[in-house]
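Following: one structure in structure tokens, then a few remarks.
All heavy atoms count here, side chains included; hydrogens, waters and symmetry mates do not.
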Amino acid sequence: MSNPAVPPRSLAEALRASDDVSLAALLRARPDLITPVPTDLTQLATRAGTRASVVRALERLDRFALQTAEALAVAADPAPYGELLALLTGDDGDPAVSAALPRALGTLREQALVWGDDDRLRLVRTARELLAPSPQHPSPTGLGPTVREATAGMSPGRIQDIVAAAGLGSTHDAVSAVASLTALFADRGRMSALLAGLPEESREVLSRLVWGPPYGQVTAEPAVHLRRLLDLGLLVPTAPGTVVLPREVALHLRGGRAHREVAPLPPAVEPAATHRPQVVDATAAGQAYTALATVEELLKDWDEGGPAVLRAGGLSVRDLKRTAVALDVAEPVAAFWVELAYAAGLLASDGEADERYAATPAHDEWLEQPPAQRWARLAEAWLTATRTSGLVGGRDAKDRTLSALGPGLDRGAAPDVRHRVLTLLAGLPEGASPSAESVLARLRWERPQRREEDLRSRLAEWTLKEAELLGVTGRGALSGHGRALLGATAPKRPDAVAQGPGDKLPVHHRPTAVPEPLSPAEQAAASAAAARLLAPLLPEPLDHVLLQADLTAVAPGPLQRSLAEVLDVLADVESKGGATVYRFTPGSVRRALDAGQAASDLHAFLAAHSRTPVPQPLTYLIDDVARRHGHLRVGAASAYVRCDDDALLNEILADKRAAGLRLRRLAPTVLAAQADPASLLDGLRAMGFAPAAESAEGDVLITRAHAHRTPPRTAPEPVPDGPPVPDATLLSAAIRAVRAGDLAATTPRRQTDQPQPATGELPRTSSAETLATMQAAVLTGESLWIGYVNAEGAASQRVIAPVRVEGGFVTAYDHTADEVRTYPLHRVTGVAELAEE
């Protein structure tokens with residue numbers, strides 16, 4: 001263990017001095033460091049400094065933490081806390097920045113991007129390379145190189161000329177000359193006097209470069225005011241025709257600030273409107289019911305087999321348009337419902353040779369659940385899905401159109417953005433709805449370095465719209481069941497939260513850490529709680545309709561499933577809304593008769609479920625269609641028509657509309673046709689007749705809708721945005737393994753005449769030496785340092801206290817694993833005695 005009184009000399013030493021809580025916070029914030037688990041803290045520090053890991057860590061910083069890292073990148077290495085604070089606050093100071101800096105610096109330390117005490121702060125080398133100014137990668141600060149960096153390729157004579165022009169004494173070498181010039185530019189008093197002697201045109205040139213970019217163009221013969229700046233070193237040539245403003249000069253002109261604008265606090269998510277919570281919940285519940293009805297209608301439309309699957313996967317544009325027309329919504333909204341049903345595991349492709357989309361067996365189970373539970377399943381699937389319906393219709397990296405249910409729609413950031421947007425809504429007072437602009441501004445502050453910042457903004461906009469469609473929000477405000485779905489509680493009063501010295505800030509303006517999404521078990525519990533809150537708000541299904549004399553039936557609310565299923569066969573839906581209007585037609589009544597219903601059954605059904613008397617026109621319609629239904633019989637010849645009334649067959653033959661059926665008389669009561677039975681049925685019905693199909697035995701065929709189902713399918717797995725956050729069990733085990741490996745790697749060994757292995761290498765001794773040392777340690781009770789290679793070939797270092805050696809095995813207490821283990825001696829590469837305490 002390192003001495004806490006000695007400042008760490010490397011990131012590995014800083015990690016070695018940290019406690020387990022700090023290591024757990026690091027691995028939780030940067031889960032890529034734990035895959036696979038490092039062997040020791042040196043390897044952990046090395047992995048934390050790799051470019052890919054540092055880039056990912058920088059992308060997850062908020063704006064102020066990132067500005068703090070950018071300021072450290074242009075400060076001295078190492079930099080004291082005071083210098084960092086001065087770069088962020090400038091000469092005038094800023095109490096808000098001073099109050100927020102410890103938190104930002106703590107975030108950088110927690111993520112191992114900064115290490116060292118406050119008097120020697122060091123930015124990880126890779127982060128400095130990424131954030132420090134360079135001609136290839138300009139710094140977000142707008143600063144240029146230092147005087148030393150800018151004059152690195154300049155001749156010593158030219159440097160001495162600049163020093164002399166600035167009124168400084170000549171030096172013996174270029175290094176001391178550059179140091180003298182740097183000291184001049186960093187001295188506020190002398191620098192102000194130097195600038196005061198410049199003409200106005202020269203100061204105007206500096207003012208144009210001060211906030212960046214710091215590079216400018218000059219001609220081969222620069223003007224007098226530019227020549228004066230070059231002579232004093234206030235502008236330094238970096239290439240033919242290019243000059244740069246040194247960092248020290250820019251900082252003086254900026255008043256010591258590294259950034260033009262510093263954002264220590266996140267922008268507030270301000271309420272744009274406030275509604276009563278009861279109104280919000282009722283509106284959201286109404287939309288939740290509409291969402292359930294829409295998904296049910298979609299799957300009912302695809303019940304007998306939906307659209308074909310494209311060769312490349314997904315739904316064709318034409319089929320998406322048809323679905324949008326069937327649902328009476330816009331195409332983007334139709335894509336959302338299709339993707340939602342897919343994410344919930346309610347529809348999938350059937351996997352047949354002629355592959356089509358269809359409902360899954362899980363859909364039938366879903367239909368049997370109470371409405372609130374069905375909604376909770378949809379909402380949970382939406383919240384955790386990585387598939388993004390908003391991308392439908394766009395183009396992928398290869399300029400191919402992205403289709404609904406097709407590949408290329410997964411975006412790992414989608415669940416995180418949805419969760420964060422809803423969390424921001426949960427932080428507002430109950431019933432408050434924010435403006436989309438304030439939500440986007442807050443997200444941009446929290447993740448300013450994202451490479452896909454535009455995608456995150458679009459994801460946030462889609463989240464606000466989709467949450468309203470799904471009923472998670474009502475009138476733009478988070479509902480009570482939406483808050484439960486998120487696992488959040490009602491916010492406290494927003495006027496009693498202190499932030500900073502003496503400041504009172506609302507809850508929704510606090511720079512809180514971004515919470516992680518819930519675990520699967522926690523999310524399941526939250527979904528169940530949301531269902532319990534939503535259930536009382538949903539309308540109770542009705543067991544009746546209102547029959548009217550114009551052959552329509554009005555359902556004043558949602559119907560019981562058994563009633564709705566029969567009514568969907570007996571009548572056609574004419575309009576939807578708060579009440580659904582059904583219309584009875586000869587075709588719809590015939591459809592019910594084809595399904596095996598008798599006229600008496602239909603009369604009894606309507607009388608039992610109508611709150612109004614059955615209108616006489618509807619009774620006549622049913623009786624008339626039933627009287628003619630099945631009078632004609634169609635079978636397979638290719639097809640035939642038979643009827644006991646030969647006059648009716650004569651009427652069919654005489655009708656010009658029957659010409660396409662190519663009918664001919666076989667007997668007085670039988671006609672034969674060249675068309676197939678289905679076409680013959682359709683043709684005769686188009687002519688106004690009511691034929692019925694019959695079987696080979698002559699019985700009337702009862703036609704019912706055939707429900708096509710896919711084989712059992714699981715919902716699509718989300719595609720994570722990087723490694724998952726480790727749970728507490730994994731963190732504990734990983735930290736214990738890293739500590740143990742570090743103990744084995746750093747424990748001092750007793751000095752011997754034998755050559756010692758280099759750092760990180762396994763000890764090497766002969767089999768006889770290994771056995772003898774082990775047996776001696778059993779007698780003395782001493783601990784040993786060994787190298788061990790397991791059955792998979794993975795090598796490790798361990799510190800053990802041998803207890804027994806027999807039969808080619810050593811039984812020992814393993815300090816690295818904190819348990820007694822048995823190791824085969826032939827897998828021990830070598831052994832060394834530990835130094836005495």
Side-chain angles (χ1 to χ4, degrees), residues 14 18 21-22 25-26 29 57-58 60-76 78-123 127 131 139-143 211 251 254-270 420 423-424 427-429 438-439 441-449 491-515:
S18 62
V21 175
S22 300
L26 168 62
L58 291 175
R60 299 187 68 84
L61 294 177
D62 61 50
R63 185 177 299 281
F64 185 61
L66 184 61
Q67 287 180 328
T68 302
E70 292 165 354
L72 272 176
V74 299
Y81 184 88
E83 180 181 349
L84 173 62
L85 180 62
L87 286 171
L88 291 170
T89 60
D91 296 340
D92 299 332
D94 188 336
V97 173
S98 300
L101 182 56
R103 177 192 62 83
L105 196 57
T107 299
L108 296 176
R109 278 192 171 119
E110 177 184 282
Q111 302 198 23
L113 295 172
V114 170
W115 57 277
D117 299 329
D118 281 356
D119 57 342
R120 293 178 61 84
L121 295 172
R122 290 184 180 273
L123 189 65
L131 299 177
S139 170
T141 62
L143 293 170
W211 290 109
L251 285 174
R254 296 179 176 193
R257 299 177 72 99
H259 300 85
R260 173 175 284 186
E261 295 180 357
V262 182
L265 294 176
V269 181
E270 297 289 353
R420 186 55 188 152
T423 301
L424 292 176
L428 294 173
S438 66
V439 173
R442 178 62 169 263
L443 292 179
R444 283 192 289 268
W445 185 90
E446 292 179 348
R447 294 287 187 270
Q449 188 71 5
K492 298 178 181 179
R493 290 181 56 86
D495 54 356
V497 180
Q499 171 63 34
D503 292 337
K504 295 283 187 177
L505 295 177
V507 174
H508 50 280
H509 202 153
R510 288 186 296 163
T512 54
V514 178

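- Between Gln67 atom CD and Leu61 atom CG the span is 11.5 Å, to the nearest 0.5 Å.
- Taking every heavy atom of both residues into account, Gly116 and Leu121 meet most closely at O-CD2, 3.9 Å.
- The distance from the CG atom of Leu88 to the CZ atom of Arg257 is 8.5 Å, given to the nearest 0.5 Å.
- The shortest side-chain heavy-atom distance between Arg103 and Asp62 falls under the 4.5 Å cut-off.
- Within the 4.5 Å cutoff, the side chain of Leu105 has heavy atoms near those of the Asp118 side chain.
- Residues Ala268 and Ser438 come closest through the heavy atom pair O-CB, 3.9 Å.
- Looking only at side-chain heavy atoms (C-beta outward), Val439 and Arg442 stay at 4.5 Å or farther from each other.
- For Asp94, there are no salt bridge (charged side-chain N to carboxylate O under 4.0 Å, His left out) partners at least two apart in sequence or on another chain.
- Nearest heavy atom pair, residue Trp211 against residue His259, reads CZ3-C, 3.5 Å.
- A heavy-atom distance below 4.5 Å is not found between the side chains of Thr89 and Leu101.
- Pairing each heavy atom of Ala258 with each of Thr141, the nearest pair is O-CB, 3.2 Å.
- Annotation: the span from Arg254 atom CZ to Leu143 atom CG amounts to 4.0 Å, rounded to 0.5 Å.
- With hydrogens and angles ignored, the 3.5 Å screen pairs no side-chain donor or acceptor of Glu70 with any backbone N or O of Pro140.
- The shortest side-chain heavy-atom distance between Arg63 and Leu66 does not fall under the 4.5 Å cut-off.
- The two residues Trp445 and Ala263 have their closest heavy-atom pair at NE1-O, 3.1 Å.
- Leu87 is listed as a side-chain neighbour of Leu251, based on a closest heavy-atom distance under 4.5 Å.
- In terms of heavy atoms, Leu85 sits closest to Ser98 at CD1-OG, 3.8 Å.
- At a threshold of 4.5 Å between non-hydrogen side-chain atoms, the residues Arg447 and Leu443 do not count as touching.
- Side-chain contact between Leu72 and Leu113: absent, with no pair of heavy atoms (C-beta onward) separated by less than 4.5 Å.
- Residues satisfying the side-chain contact (heavy atoms from CB on, under 4.5 Å) test with Pro102, not counting sequence neighbours, are Tyr81.
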